[in-house]
Protein chains: 2
Amino acid sequence: MDNFIKHINKFTTISQPEIETLKSATKTISIKKKDLLLKEGEICRANYFVEKGCLRLYFINEKGSEQIIQFALENWWLTDYMSFNNSSPAQFYIQAVEDCTIIAIARNEQDKLLTEIPTLEKYFRKVLQIAYAASQNRLKFLYGYSKEESYLHFTNSFPAFVQRIPQYMLASYLGFTPEYLSELRKKLSQ
Amino acid sequence: MDNFIKHINKFTTISQPEIETLKSATKTISIKKKDLLLKEGEICRANYFVEKGCLRLYFINEKGSEQIIQFALENWWLTDYMSFNNSSPAQFYIQAVEDCTIIAIARNEQDKLLTEIPTLEKYFRKVLQIAYAASQNRLKFLYGYSKEESYLHFTNSFPAFVQRIPQYMLASYLGFTPEYLSELRKKLSQ
DNA sequence: CCAATTACTTAAGCTGGTTTAAGAAATTTA
DNA sequence: TAAATTTCTTAAACCAGCTTAAGTAATTGG
């Protein structure tokens with residue numbers, strides 16, 4: 001819970017009694033590498049905060065291979081927002097890339113919680129504003145740069161993270177085949 | 001201002017005095033087709049609500065051509081969130097695709113406004129949650145589908161919108177060349 | 001600690017989509 | 001309403017990145 005409370009305090013102020021309310025309205029879950037929090041077709045009933053570890057959001061494409069849309073490291077929220085917002089069937093899987101500690105806010109608790117602790121509205125608004133900025137930036141890279149440039153940019157920007165995940169996941173996230181990633185790495189190391 | 005107030009009332013409730021405060025804290029701007037609200041390199045000092053018309057967010061890529069990241073129709077918010085959040089130089093241009101009526105909330109008014117009208121925190125949080133869901137969905141299409149499939153999906157989903165914009169903008173938004181779009185249209189009409 | 005599985009590499013052939021260039025159609029402006 | 005400009009089309013040559021297939025390295029689990 002420590003990271004979570006610190007994270008909230010970065011964006012707003014929360015009192016001790018409010019923290020207690022928050023604790024009783026959330027669930028802390030420990031999951032193992034490869035465990036699934038959500039499967040395609042299910043209704044996504046929670047929003048997940050990564051206290052420790054790493055999650056990924058992906059779907060299975062027409063060819064039957066996994067396409068990663070997003071990773072979430074410590075202090076990031078992750079959910080299938082379409083499914084979470086509308087209680088519609090999820091389009092994505094959410095899976096642990098490493099052993100994780102996750103804090104979950106259930107959909108049907110969220111409204112009540114935000115009424116009891118209005119300052120959390122500010123917290124979530126700010127967090128979403130930052131996440132949305134990141135997604136605009138992401139689109140800029142996807143559209144504006146070649147696969148080679150995207151790879152270079154990503155590895156230069158997040159060298160530690162690249163060490164944490166298998167290469168085939170990096171390839172999937174960047175939108176290319178593991179074979180091509182292999183070729184690129186060879187080419188760039190020469 | 002009508003669409004704007006209606007839009008707020010879809011997500012939260014706002015009182016008459018609050019509406020008055022809101023009116024005095026925002027600016028309604030009329031702009032002509034092709035007018036720019038933001039240029040790359042400037043600090044983006046406002047968030048823009050489209051009361052009427054259509055905006056686009058784009059950047060100029062390495063080859064010197066415009067790459068469209070987003071459109072905003074009636075009832076959508078649009079800004080360069082990275083620049084807006086951090087007062088950093090904008091990465092994008094924002095331009096009117098048609099003559100527009102825009103409601104602008106200045107960055108330095110926003111914090112004050114959200115303190116005076118706390119229910120607006122809820123409004124923006126919900127709006128961002130929907131926008132973020134849309135962007136996850138967008139990424140799914142970008143990654144999972146061929147250019148032809150993206151084109152078919154987009155034209156089937158938003159036939160009226162496709163009529164509103166020039167084809168070269170659609171091509172840019174979908175991430176391909178106008179020449180290829182032309183080829184596709186020919187092929188698909190046969 | 002060995003077998004099975006999962007992850008990574010290499011290389012040849014292929015294809016979806018780009019580039020280039022030139023002309024036709026539509027829209028804007030005077 | 002004609003000239004200027006902007007948008008759209010056609011077609012051929014080209015290439016970045018994919019597919020396929022087969023082999024090697026690293027993990028996992030029994």
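Because the structure is a prediction, the values reported are computed rather than measured. So you know, we letter chains A, B, ... as the sequences are listed, proteins then strands, and number each from 1.
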Query - Phosphate contact (C:dT18 OP1 or OP2) by B:Thr177 side-chain N/O below 4.0 Å - result: yes

Requested in this report: Name the residue closer to the 5' end of DNA chain C, choosing between A:Pro166 and A:Lys186 according to the nucleotide with the nearest heavy atom.
Outcome: A:Pro166

Query raised in the report: For the pair made of CG in A:Leu170 and P in C:dA7, what is the distance, rounded to whole Å?
Result: 14 Å

Query - Short side-chain N/O contact to C:dT9 OP1/OP2 from A:Arg185, under 4.0 Å - result: yes

Query raised in the report: Are B:Arg56 and B:Tyr58 in a cation-pi setup, meaning NZ or CZ lies under 6.0 angstrom from the ring centre and within 45 degrees of the ring axis?
Result: yes

Query raised in the report: Rounding to a whole Å, what distance do you find between A:Glu183:CD and C:dC8:C1'?
Result: 13 Å

Report task. Under the side chain to side chain contact (heavy atoms under 4.5 Å, CB included) rule, what do A:Asp80 and A:Gln91 come out as? Steps first, then yes or no, please. Result -> CA-CA 7 Å; A:Asp80 176 332; A:Gln91 309 229 44; 4.0 Å; yes

Report summary line: Which of D:dC8, D:dC18, C:dT10 is nearest the side chain of B:Gln167? It is D:dC8

**Report entry** Nearest to side-chain heavy atoms of B:Ser182, which nucleotide of D:dT9, D:dA11, D:dC18
**Finding:** D:dT9

**Report entry** Candidate nucleotides D:dC8, D:dA11, D:dG17, ranked by approach to the side chain of A:Ser146 - the nearest
**Finding:** D:dG17

Query - Nearest heavy-atom neighbours spanning B:Leu128 and B:Tyr81 - result: CD2-OH, 4.0 Å

Report task. Compare the minimum distances between each of C:dT28, C:dT18, D:dG17 and the side chain of B:Lys33, then state the nucleotide with the smallest one. Result -> C:dT28

Report summary line: Rounded to whole Å, NZ of A:Lys147 lies from C1' of D:dC18 at a distance of 10 Å

Query raised in the report: Tell me: CD of A:Glu179 to C1' of D:dA22, nearest whole Å?
Result: 12 Å

**Report entry** N or O in side chain of B:Lys63 less than 4.0 angstrom from C:dT19 OP1/OP2
**Finding:** yes

Report task. Could you tell me whether B:Tyr180 contacts a base, only the sugar-phosphate backbone, or nothing, with contacts defined as non-hydrogen atoms closer than 4.0 Å? Result -> base

Query raised in the report: Contact class for A:Lys187 vs. all strands (heavy atom < 4.0 Å): base, sugar-phosphate, or nothing?
Result: nothing

Query raised in the report: B:Phe176 side chain: which of D:dC18, C:dT18, D:dT10 is closest?
Result: C:dT18

**Report entry** Ring-ring centroid check B:His153 B:Tyr145, cutoff 6.0 Å
**Finding:** no

Report task. Take atom CD of B:Gln163 and atom C1' of D:dC8, then tell me their distance rounded to the nearest Å. Result -> 15 Å

Report task. Using whole Å, report how far CE of B:Met169 lies from P of D:dC8. Result -> 9 Å

Query raised in the report: In whole Å, what is the span from the OH atom of A:Tyr168 to the C1' atom of C:dT6?
Result: 8 Å

Requested in this report: Measure from NZ or CZ of B:Arg45 to the centre of the six-membered ring of B:Phe84 and say whether it is under 6.0 Å with the direction within 45° of the ring axis.
Outcome: no

Query raised in the report: Atom NZ of A:Lys34 and atom C1' of D:dT28: how far apart are they, to the nearest Å?
Result: 9 Å

